[in-house]
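First comes the structure, then the notes that go with it.
Note that ligands are numbered from 1 as they come in the structure, with each ligand's atoms numbered from 1 the same way. What's counted below: heavy atoms across the whole structure, side chains too, no hydrogens, waters or symmetry copies.
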Amino acid sequence: MALFQISEPGQTPAPHERRYAVGIDLGTTNSLVACVRSGVAETLPDEHGRHLLPSVVRYRTDGAPVVGHDAIAVAHEDPLNTIASVKRLMGRGVEDVRRLGQSLPYEFSPGDSAMPRIRTVAGDQSPVAVSAEILKTLKTRATQSLGMEIGDAVITVPAYFDDAQRQATKDAARLAGLNVLRLLSEPTAAAVAYGLDKNPRGVYAIYDLGGGTFDISLLRLNRGVFEVMATAGDSALGGDDMDHAIAEWIMREAGIQDDAGHRQMRRLLRDARAAKEVLTGAEKTTLRVQRDNHEVWEGVLTRTHLNALIDPLIDRTLPPCKRVLRDAGIRANEVDGVVLVGGATRIPRVREKVSQFFGREPLADIDPDKVVAIGAALQADVLIGNKRDEEMLLLDVIPLSLGLEIMGGMVEKIIPRNTTIPVAKAQDFTTFKDGQTALLVHVLQGERELVTDCRSLARFELRGIPPMTAGAARIRVGFQIDADGLLSVSARELTTGVESSVVVKPSYGLTDNEIEHMLRDSIAHAREDEEARKLREQQVDADRLIEAVESALAADGSLLDVKERTEIDRSIEGLKAARGGNDAARIKQAIKTLDGATLAFAARRMDANIRRALTGHKLEEFGAPGGKPTS
Ligand code: ADP
Ligand code: MG
């Protein structure tokens with residue numbers, strides 16, 4: 001018997017059962033969840049109609065942690081158990097956190113774990129666990145709004161997030177009971193929200209000024225493929241810094257001392273933030289601040305004055321904008337569109353400066369603090385299969401080059417930075433020594449030429465290579481980065497098929513400043529590195545030759561007369577001396593000399609080897625054509 005599909009009048013029955021998947025913007029300051037319903041992507045509010053969930057988690061002795069507005073409301077009473085900005089700690093190691101140390105209000109537990117743990121009344125918490133609480137809250141919100149259990153999600157991450165940070169984000173999602181359909185970069189999500197992916201081609205700049213971070217990304221759209229061309233930013237610049245500038249102004253005006261207590265400072269910052277937000281829509285606002293002696297100070301802040309206070313901060317966003325253009329090799333007027341993202345881009349002065357820099361009006365129709373979540377929801381809807389006809393191919397890039405250590409402490413780049421992912425690349429290597437049966441594969445990240453200047457991501461060994469002469473083995477090393485930006489590396493000896501691999505999960509990630517630093521270093525040291533590389537190459541060649549000649553002398557030294565032997569010995573000594581110095585040209589010359597000195601020796605060895613191989617055999621055994629018996 002056939003079943004009829006029943007639907008409400010006016011609603012078309014779905015051709016296949018409709019499934020929901022959500023998009024989540026897991027932000028440093030605020031997080032949001034969005035979903036496509038009836039073809040429209042929208043952020044989902046909580047029961048009080050609020051869309052933004054402050055990314056703040058407060059742990060308590062009894063009961064579940066409190067997340068969001070309620071956590072913020074009591075933050076000043078319980079600062080040590082109220083955790084904000086946990087995104088900065090994702091995928092970071094204990095060492096990284098120690099460096100961030102002073103700027104963080106809460107305490108860390110000493111421990112031997114590679115992951116930092118925040119001490120709270122409800123036990124030690126990892127950043128992954130704290131993020132999971134935020135995600136759980138959003139998952140519950142979505143389940144209530146949509147009236148069904150929601151498990152699938154696209155979660156956004158900054159474009160520069162490295163492997164460890166992406167992995168940590170995925171772990172948090174799993175902990176929250178979410179299945180991650182895809183990690184999507186925030187700028188790409190913003191571009192998708194504006195439907196820029198529908199254009200045939202173009203270059204777009206995504207300017208994202210949030211609470212505590214600034215990111216600028218250049219995206220290139222080409223034949224339906226989105227690619228992040230370059231990213232830059234400042235991980236310590238955002239709306240919070242403006243709040244500080246305003247709070248300092250209030251302190252000066254109201255005569256509040258610099259050593260204002262913690263509570264007073266929190267109140268001041270809250271007032272400053274409110275004033276800043278009011279001035280986005282108004283020309284002036286009145287501030288009333290209670291001093292410790294219970295007197296009330298009252299003052300007026302105008303938009304013009306606000307602009308003067310925040311101009312230096314906005315100006316700091318411009319050098320990174322220049323840098324991405326330079327990295328991508330384009331001029332500002334070649335950008336086809338600018339998208340504003342992040343709550344702080346609502347500020348009129350920010351818009352003004354951005355328009356000025358790029359020479360065009362930025363796109364800002366979609367609420368800049370919701371745009372990332374909306375793009376993520378659109379992508380989730382495609383990935384869950386609700387829009388089969390409209391497959392979107394979204395690509396990201398890797399922020400730093402990936403490579404391998406080769407002889408001489410050098411790095412051979414396998415995947416250059418800004419390569420779009422997913423990507424797979426392989427390169428063949430060989431053994432350096434006769435009879436070598438194992439190879440150490442050392443995976444590195446960075447732009448510099450020498451291993452010591454790059455960051456070590458992983459090491460593993462390929463064993464069981466059959467003993468062969470140096471240079472005979474063929475070892476193919478493959479790098480694979482999946483769509484979420486996670487790296488795996490494999491090595492395979494091609495004649496035997498022995499194989500070894502590793503999924504790269506570094507115990508901690510790089511800070512954005514470190515990434516910046518490494519990039520700047522690589523530019524500053526380019527010439528120096530080239531010199532160093534030339535020298536290392538000659539040194540490696542020298543070692544290889546000395547090793548080969550010495551082992552030949554040990555085996556077949558008897559083939560030489562005294563004069564020949566003396567000349568070779570002298571050339572070896574000469575090369576060894578040159579090898580010890582740092583003159584690449586001199587080493588090269590000494591290699592040539594030794595090469596020449598051993599020419600006759602090499603020919604004689606070959607003859608001797610052939611003769612040895614033939615000893616004890618009759619020539620006809622070898623089936624030489626027309627061979628005559630020798631006896
Ligand atoms: P994040 O991406 O870091 O989570 P958001 O994009 O939510 O942060 O931006 C938060 C910042 O935006 C805060 O500094 C907040 O004060 C600021 N902001 C939000 N709304 C406004 C507004 N109307 N005017 C000025 N600043 C605003
Ligand atoms: Mg954001």
Side-chain angles (χ1 to χ4, degrees), residues 23-34 43 50-57 67-69 72 83-90 131 134-135 138 155-161 165 169 183-191 193 206-217 231 233-247 266 268-283 285 301 303 306-307 309-310 313-314 317 339-354 364 366-376 512:
I24 292 178
D25 172 5
L26 187 58
T28 311
T29 318
N30 294 302
S31 297
L32 294 103
V33 58
T43 52
R50 299 175 299 205
H51 291 248
L52 267 60
L53 175 72
S55 305
V56 180
V57 179
V67 181
H69 296 278
I72 285 195
I83 298 159
S85 300
V86 74
K87 187 171 178 177
R88 292 184 184 280
L89 305 180
M90 293 292 274
S131 286
I134 299 166
L135 290 171
L138 293 173
I155 300 180
T156 57
V157 290
Y160 58 78
F161 251 29
Q165 293 167 298
T169 306
L183 294 179
L184 182 63
S185 83
E186 288 162 11
T188 309
I206 317 296
Y207 180 104
D208 180 351
L209 191 60
T213 54
F214 168 63
D215 298 311
I216 174 80
S217 316
T231 73
D234 187 330
S235 57
L237 178 62
D240 296 349
D241 299 284
M242 301 178 180
D243 302 347
H244 271 105
I246 299 165
R266 285 230 188 204
L268 275 176
L269 285 173
R270 202 187 48 208
D271 293 344
R273 178 173 176 166
K276 172 191 72 179
E277 293 179 7
V278 167
L279 287 175
T280 287
E283 284 299 329
T285 181
L301 182 61
R303 189 188 279 173
L306 171 74
N307 290 349
L309 291 174
I310 63 176
L313 295 167
I314 307 175
T317 66
V339 177
L340 293 182
V341 180
T345 63
R346 294 178 172 210
I347 299 170
R349 186 63 156 186
V350 172
R351 296 192 175 189
E352 218 176 289
K353 294 225 171 199
V354 175
I366 305 177
D367 205 339
D369 37 29
K370 294 181 182 163
V371 64
V372 166
I374 286 173
D512 320 329

Heavy-atom nearest neighbour in the protein, as seen from atom 7 (O) of ligand 1, with distance rounded to 0.1 Å: Asn30 ND2, 2.7 Å
For the student: nearest non-hydrogen atoms of Thr317 and Phe214, plus distance: O-CE2, 3.4 Å
With a 4.0 Å cut-off on N to O distance, would you call Asp25 and Lys370 a salt bridge? no
If you take the nearest heavy atom of each of Met242, Arg349, Lys276, which one is closest to atom 14 (O) of ligand 1? Lys276
Checking contacts here: is it the side chain or the backbone of Glu277 that comes within 4.0 Å of ligand 1, counting heavy atoms only? Could be both or neither. both
Can you list the atoms of ligand 1 that are under 4.0 Å from a heavy atom of Gly342? 6 (O)
When you measure from the side chain of Arg351 to the backbone of Thr345, do you find a donor-acceptor pair of N or O atoms at a distance under 3.5 Å? yes
Taking only heavy atoms of Ile347 into account, list the atoms of ligand 1 that are under 4.0 Å away from them. 25 (C), 26 (N)
Atom 2 (O) of ligand 1 [closest protein heavy-atom partner, distance rounded to 0.1 Å]: Gly210 CA, 4.1 Å
Which residue owns the protein heavy atom closest to atom 10 (C) of ligand 1, what's the atom, and how far is it? Gly211 N, 3.6 Å
Treating His69 as the side-chain partner and Leu52 as the backbone partner, does any N or O pair qualify as donor plus acceptor under 3.5 Å? yes
Quick one: nearest non-hydrogen protein atom to atom 20 (N) of ligand 1, plus distance? Arg346 CD, 3.7 Å
Report, as yes or no, whether the 6.0 Å neighbourhood of atom NE2 on His51 holds more than 12 heavy atoms from other residues, nucleotides or ligands. yes
Among protein heavy atoms, which sits nearest to atom 9 (O) of ligand 1, and what does the distance come to when rounded to 0.1 Å? Gly343 N, 3.2 Å
Where Gly343 and Asp369 come nearest, the two heavy atoms and their spacing: CA-OD2, 3.9 Å
How close does the nearest protein non-hydrogen atom get to atom 24 (N) of ligand 1, and which residue and atom is it? Thr280 OG1, 2.6 Å
Proximal ligand 1 atoms for Gly27, defined as those under 4.0 Å from one of its heavy atoms: 4 (O)
Quick one: does any side-chain atom of Ser55 pair with a main-chain N or O of Gly27 as donor and acceptor, under 3.5 Å? yes
Would you mind running through ligand 1 and noting each atom that sits below 4.0 Å from a heavy atom of Ala344? 12 (O), 17 (C)
Check each atom of ligand 1 against the heavy atoms of Arg273 and keep those under 4.0 Å away; list them by number with element. 13 (C), 15 (C), 16 (O)
Does a salt bridge link Arg303 with Glu352, judged by any charged N lying under 4.0 Å from a carboxylate O? no
N/O to N/O below 3.5 Å, does that happen between Asp208 and ligand 1? no
Thr29 contact mode with ligand 1 (heavy-atom cut-off under 4.0 Å): both
